[in-house]
Amino acid sequence: MVWPQGRCLGLSGGAGGFILLLGTDGSTVTIDVYSAGKGGWLLEIVDKHWNSTCWDEPFETAQDALEAGIKAIEEEGIQSFIEKPVKPE
């Protein structure tokens, strides 16, 4: 898979899902795809501060989830998935 506006910095995973580390514009996020358990695949984009954006509905395949995550980053920009760190109270 080619992501023209970014760079794949790493990929790890197994049968239960995988994590793809992507970087662009000096920022990085992970695209986490994992099994929903009873069918389907869940998608979550996580920034370096552990803030996450989760999709509500599972995808039919892991590939569908990955492609949706990449498409969202391409269309909205990586910065839209990065939040400021949360300060403990």
Side-chain angles (χ1 to χ4, degrees):
M1 172 168 295
V2 176
W3 192 41
Q5 296 179 331
R7 182 174 159 187
C8 176
L9 302 174
L11 175 66
S12 65
F18 56 88
I19 298 173
L20 178 67
L21 179 63
L22 295 173
T24 186
D25 300 330
S27 299
T28 58
V29 296
T30 62
I31 297 178
D32 299 359
V33 176
Y34 45 93
S35 172
K38 295 184 178 183
W41 293 86
L42 301 175
L43 170 61
E44 181 176 13
I45 296 178
V46 182
D47 71 14
K48 67 181 179 180
H49 308 293
W50 297 103
N51 299 308
S52 67
T53 303
C54 301
W55 275 246
D56 294 329
E57 298 296 321
F59 293 85
E60 189 172 318
T61 68
Q63 183 69 32
D64 290 344
L66 177 61
E67 289 176 1
I70 292 172
K71 182 178 179 183
I73 293 170
E74 287 177 337
E75 290 179 354
E76 299 175 36
I78 197 167
Q79 292 301 322
S80 66
F81 295 95
I82 299 175
E83 299 178 29
K84 295 184 183 205
V86 177
K87 293 182 181 180
E89 295 182 36

Is there a chain of hydrophobic side chains (I, L, V, M, F, W, Y, each step under 4.5 Å between heavy atoms) that links F59 to I70?
yes
Consider only side-chain heavy atoms of I, L, V, M, F, W and Y, link residues closer than 4.5 Å, and tell whether F81 and I78 are in one cluster.
yes
Check step by step if side chain to side chain contact (heavy atoms under 4.5 Å, CB included) holds for N51 and V46.
CA-CA 6 Å; N51 299 308; V46 182; over 6 Å; no
Distance col, row K48:NZ vs E83:CD, nearest 0.5 angstrom, shows 13.0 Å
Below 4.5 Å, heavy atoms only, C-beta onward: do [X] and [Y] meet side chain to side chain?
X   : Y   : value
E44 : Y34 : yes
D47 : T28 : no
V33 : L42 : no

Evaluate D32 against L43 for side chain to side chain contact (heavy atoms under 4.5 Å, CB included), listing each step before the verdict.
CA-CA 6 Å; D32 299 359; L43 170 61; over 6 Å; no
Does S80 have any side-chain hydrogen bond (donor to acceptor under 3.5 Å, both in side chains) partners at least two apart in sequence or in another chain, and if so, which?
none
Which heavy-atom pair separates W41 from A65 by the least distance, and what is that distance?
CB-CB, 4.4 Å
Which atom of A36 lies closest to which atom of P58, heavy atoms considered
CB-CB, 4.4 Å
Of V29, I82, T30, which is the lone residue that meets side chain to side chain contact (heavy atoms under 4.5 Å, CB included) with I45?
V29
